[in-house]
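Order of the sequence lines sets the chain letters (A, B, ...), proteins ahead of strands, with each chain counted from 1.
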Amino acid sequence: MTVADKPITTDIYGQPVEPKPGNDYITHSKGVLSWALTLDHKRIGLMYLVAVLAAFAIGGFFAIFLRTMLLFGSKVGETRMGFEVGAAAWNDFYNQAFTLHGAIMVFMFIIPAIPAVLGNFALPLQLGAKDVAFPRLNLLSFYCWCGGSALLAAILFGGILSAFGIAMPQALNGLDTGWTFYTPYSTTTQTGVVLATLGAFILGFSSILTGLNFVATIHMLKPKGMGWFNMPLFLWAMYATAVIQILATPVLAITLLLLCAENLIGIGVFDPKLGGDPVLFQHFFWFYSHPAVYIMILPGLGVVSEIISTFSRKHIFGYKFIAYSSVAIALFGFIVWGHHMFTSGQSAMINAIFSLLTMSVAIPSAIKVFNWLATMYHGKIRVETPMLYAMGFIWLFTIGGLTGLFLAALSTDIYFHDTYFVVAHFHYVMVGSTLFAFLGGMYYWFPKMFGRMYNETWGRIGWAFCFVGFNATFFIQFIAGSKGMPRRYATFVDDFTWYHHLSTGGSYILTIGLFIVLANWILAKRGRRAPANPWGGNQLEWHTNSPPPHANFEYDPVGTDPYHFHDWTYDEKIDGYVLDPEHDPGNPTHAPVH
Amino acid sequence: MNTLLLNLLATTDGVRPSTTWFPENASTDNNVDPLFYFIFWICAFFLVLNAGLMIYFAIRYRQRNKQGAAHGHTHNTAMEVTWSVIPAIILAIIFIWGFRGFLDMANPPQIAPEHEIAVNGYQWAWDFTYPNGETVRGVGAEKPALHVPAGVPVRLTLTSSDVLHSVFIPAFRVKKDVVPGRVTQLWFEPVYDASRETVALDVPDPADPNQTVTLHPNEYDLFCTEYCGQAHSLMITKVYVYSPEEYATWYASMTVTPPTTPLIELGSNLYVQKCATCHTIDGSANTGPTWQNLYGSTHGTSAGPTLADDAYIIESIRNPGAKIVDGYGNNMSAFPNLTDREIRAIIEFMKTISDNAEADEDLTYGDLNDDGTLKTEGEADGSGDDAGGGDAPAENE
């Protein structure tokens, strides 16, 4: 047995630590209840991880299901997959599949993914804190997620049973409105809109509580030596995200309650037959759901800022511009919702204002990308799995962001609205960018979370499959859309056949890639013990053991410049970075040594 | 608008063929493609710049030794300002260009009323009603299509009977949502190109209802692009663009139904065009009750047990909410544009698929009066040649 094989990990000074049961947060206490009732932000983060990955698997299943249907979408009247293409059952299956794919991915996966998993795990650690400000609210937020998701899952299984001919009450009869719940279709459909909106309503509280907690934590629990401008940029991104969660999500809650009232008692706010206006619903809905797009992407921008700087072994470039651009994106995000209604017949003046405001979001986004590139310039770039995901993110976010220009400009948006061009655009931003940031962040913090190293080779192979698969799936959809393919179509005219074949092929490659990632994470259970600081980062989460003890730190750490990496020296024996105790101002027993 | 670029990129005499990014363009005004290509090259430039620098840096500055950290500048205000201001200028250009193009697309020129077509969307087809009060009938089993003349601006006024829809004609680069409770509009000026592939459409000859004449329009797709429920993806139809001369023939033929058309055939076509998305004829349930064995049978309804006879069926089409069959919702739209004669044809068709009734297979369109009643012997002789001429329903005026 060599040293590296021994079940021994090391602390930040490179000194061996015998991993005794109870030493770290995972082994701190035992039993189901010790997890279910835990107030430890790290454990709640892990529970969220399992939960959102389950949601991602279900949402992904529907994605593959509908992409497979679209292999045959031009064969109207023929029998494929056991159904007559274009007949009522085929259309119902497709409509329910894309609705559940969207609703599950948006409400149960993308919105909570980075804040609730990586945020919960890393945010208090980056602050050198013992936990979030309100640990009980944090646990409540998790159970709100579970409650809301249970309602959506009930509808989903009701829909599946109903597809097999078992009669279901309307409330459980699947969902076929699209995740946007547009009225008046959502008030006339025979599917479970009321229960689904209640589910989304409860999921919204999960989001609000997480946001509240993070704002309070960042304000109150910064350690000695850390001001606003030497916080890690991930915290700036999480702060901006939390502000949107707190301010925008209640509007969704009100909208969904109005929709329920419309469905149950016919109050007529949105129904033109009762004097309402269906476009009003769109305004209410997007007043939340456009800022929600930034809830999805801002945390990803934060993760990438951390990875780029740490893996370039160089101080982040333009710290203040990146920090302020997160806040700017959050603020601009509130005033651009009208660009979802350019074709609805709203006035030219309104359209012009929203078009101009929408364009403005491009500037802070561009600032971030240019600053990341400037950070890489003259760095010592370690091109390993987390960095590959960060670089993949830059590629996908650049395409996703730039194609937004076609949709912000009025005349081109009129043409592209509700076509596959839009589908491709938002998948590049939300799926490509956010998913890549999530996976990159998971790989980045994986050693800290689990105290084990994943397999680097398979990490890169999985990345390659995801990157190629994602681009193959969605780039072709830009062209399908600009050729005129409308979205949410269960069947289509022959002209679009080969675009769909290519896209479906890509989605299979992406699926293989995602399973490689999952297998790599699971098999890392037997991986090499991780050192305290495998990447040489100076953010405070690297100032404690991997995995961290229950209370996070042995002593209260002192905030320093998170991007000053020079005090850490590489130790080949542990394949990690160690700190000279002399340079650890926070350690009461070591400093000063001389 | 942007005349210079339009002239460079669009041809006014003929249809622009399809390209990698766009389908063919069959309208005179194109505010989409030129701006698209402008943004496209900006995107291509920045994508190559960003990705190129990223890959170059990752190779050029790759880590050779894990020891040590890199030194370098941590900020440079001049650079930050540069890469904020340059995008801002580009964005301003794109905004102004897009807005001016949009104004052009949003505001139809002053046009003659003949070319204003009322479009009504319902789940899951379109009705196109022309200034003569006639609503387009589908050809054969096809759904009603949009027929437009080349060379003049055409304005569509859009309404919906039920939920949101959206008219999207890629070849004209136009799209507009159809919102219940509102009237929206869009416009385009089609281009006819005889050198391109045309389709052959047989229509009744306005000069002689017993003859047909063949027209040769260009054919394009019309899609619904706002999700509207089960058969959203089947809410598609064709747009036919005619030369001005052929359009005149088509327009006149709208009011002509050949008197020799068998009633059952006309009813069957109307069923496929207007009814088949909700009613089956094979006994299976759909949004509405099946028509198999419906005629002449008695069903429980919201007004008690009701015999499905002529009066009931006419009422169900004119006022669908009057008697709701047990087990079904009040989901059906009224069909004011069906004439009494057409409803009579549908009834004859229903009889053919019911064991409870005997259809008269010899009846033709010419055997009916405007109110759908059978002509007596004397009337049948004298009024055959104006058949169909006077059945523009008053509802459309």
Region of [X] that comes under 4.5 Å of a non-hydrogen atom in chain A:
{"X": "B:Phe95", "result": "both"}
{"X": "B:Asp162", "result": "backbone"}
{"X": "B:Thr184", "result": "side chain"}
{"X": "B:Val32", "result": "both"}
{"X": "B:Thr19", "result": "backbone"}
{"X": "B:Met105", "result": "side chain"}
{"X": "B:Tyr56", "result": "neither"}
{"X": "B:Ala106", "result": "neither"}
{"X": "B:Arg64", "result": "neither"}
{"X": "B:Ile236", "result": "side chain"}
{"X": "B:Gln123", "result": "side chain"}
{"X": "B:Cys228", "result": "backbone"}

What part of [X] lies closer than 4.5 angstrom to a heavy atom of chain B: side chain, backbone, both or neither?
{"X": "A:Phe270", "answer": "neither"}
{"X": "A:Phe406", "answer": "both"}
{"X": "A:Thr177", "answer": "backbone"}
{"X": "A:Arg487", "answer": "backbone"}
{"X": "A:Ile316", "answer": "backbone"}
{"X": "A:Thr187", "answer": "neither"}
{"X": "A:Thr189", "answer": "neither"}
{"X": "A:Ser312", "answer": "backbone"}

Find out whether [X] and [Y] are in side-chain contact, i.e. whether some heavy atom of one side chain is under 4.5 Å from a heavy atom of the other.
{"X": "A:Phe370", "Y": "B:Asn50", "answer": "yes"}
{"X": "A:Met376", "Y": "B:Leu53", "answer": "no"}
{"X": "A:Asn95", "Y": "B:His232", "answer": "no"}
{"X": "A:Tyr577", "Y": "B:Lys66", "answer": "yes"}
{"X": "B:Thr74", "Y": "A:Tyr319", "answer": "no"}
{"X": "B:Leu91", "Y": "A:Leu405", "answer": "yes"}
{"X": "A:Asn371", "Y": "B:Glu80", "answer": "yes"}

Test item: [X] side-chain N/O and [Y] main-chain N/O as donor-acceptor pair under 3.5 Å:
{"X": "A:Lys380", "Y": "B:Gln63", "result": "no"}
{"X": "B:Tyr227", "Y": "A:Asp176", "result": "yes"}
{"X": "B:Ser233", "Y": "A:Tyr489", "result": "no"}
{"X": "B:Gln67", "Y": "A:Tyr570", "result": "yes"}

At a heavy-atom distance under 4.5 Å, which candidate from [options] has the highest pair count against chain B?
{"options": "A:Ser355, A:Ala490, A:Ala409, A:Ala352", "answer": "A:Ala352"}
{"options": "A:Asn351, A:Val383, A:Thr188", "answer": "A:Asn351"}
{"options": "A:Trp90, A:Phe565, A:Phe311, A:Tyr185", "answer": "A:Tyr185"}
{"options": "A:Glu572, A:Arg488, A:His378", "answer": "A:His378"}
{"options": "A:Phe98, A:Phe492, A:Tyr563", "answer": "A:Phe98"}
{"options": "A:Gly345, A:Gly379, A:Ala348", "answer": "A:Gly379"}

Please determine, among [options], the option with the most heavy-atom pairs under 4.5 Å with chain A.
{"options": "B:Gly68, B:Ala92, B:Ser166", "value": "B:Gly68"}
{"options": "B:Glu24, B:Met235, B:Glu226, B:Gln185", "value": "B:Glu226"}
{"options": "B:Leu234, B:Val179, B:Leu164, B:Asn286", "value": "B:Leu164"}
{"options": "B:Gly98, B:Ala69, B:Gly181, B:Pro170", "value": "B:Ala69"}
{"options": "B:His73, B:Arg62, B:Met54, B:Arg173", "value": "B:Met54"}
{"options": "B:Gly229, B:Ser160, B:Ala88", "value": "B:Gly229"}

To the closest 0.5 Å, what do you measure between [atom1] ([X]) and [atom2] ([Y])?
{"X": "B:Arg100", "Y": "A:Leu410", "atom1": "CZ", "atom2": "CG", "result": "13.5 Å"}
{"X": "A:Thr412", "Y": "B:Trp97", "atom1": "OG1", "atom2": "CH2", "result": "10.5 Å"}
{"X": "A:Met485", "Y": "B:Phe168", "atom1": "CE", "atom2": "CZ", "result": "10.5 Å"}
{"X": "B:Asn76", "Y": "A:Phe321", "atom1": "CG", "atom2": "CZ", "result": "9.5 Å"}
{"X": "A:Ile363", "Y": "B:Ser84", "atom1": "CD1", "atom2": "OG", "result": "7.0 Å"}

Going by the angle between their ring planes, with limits at 30° and 60°, are A:Phe475 and B:Trp21 parallel, tilted or perpendicular?
-> perpendicular
Aromatic ring pairing A:Tyr377/B:Tyr61, orientation class (parallel under 30°, perpendicular over 60°, tilted between) = perpendicular
Heavy-atom pair with the smallest gap, counting every atom of B:Gln230 and A:Ala88 = NE2-CB, 3.6 Å
Between B:Asp177 and A:Thr343, is any side-chain donor less than 3.5 angstrom from a side-chain acceptor?
-> yes
Where do B:Phe46 and A:Leu402 land on the side chain to side chain contact (heavy atoms under 4.5 Å, CB included) test, with the steps shown first?
-> CA-CA 8 Å; B:Phe46 279 105; A:Leu402 286 171; 4.0 Å; yes
Output, in order, the C-alpha distance, side-chain angles, deciding distance and verdict of ring pair (Phe, Tyr, Trp, His ring centres under 6.0 Å) for B:Phe22 and A:Tyr415.
-> CA-CA 11 Å; B:Phe22 282 103; A:Tyr415 181 75; 5.5 Å; yes
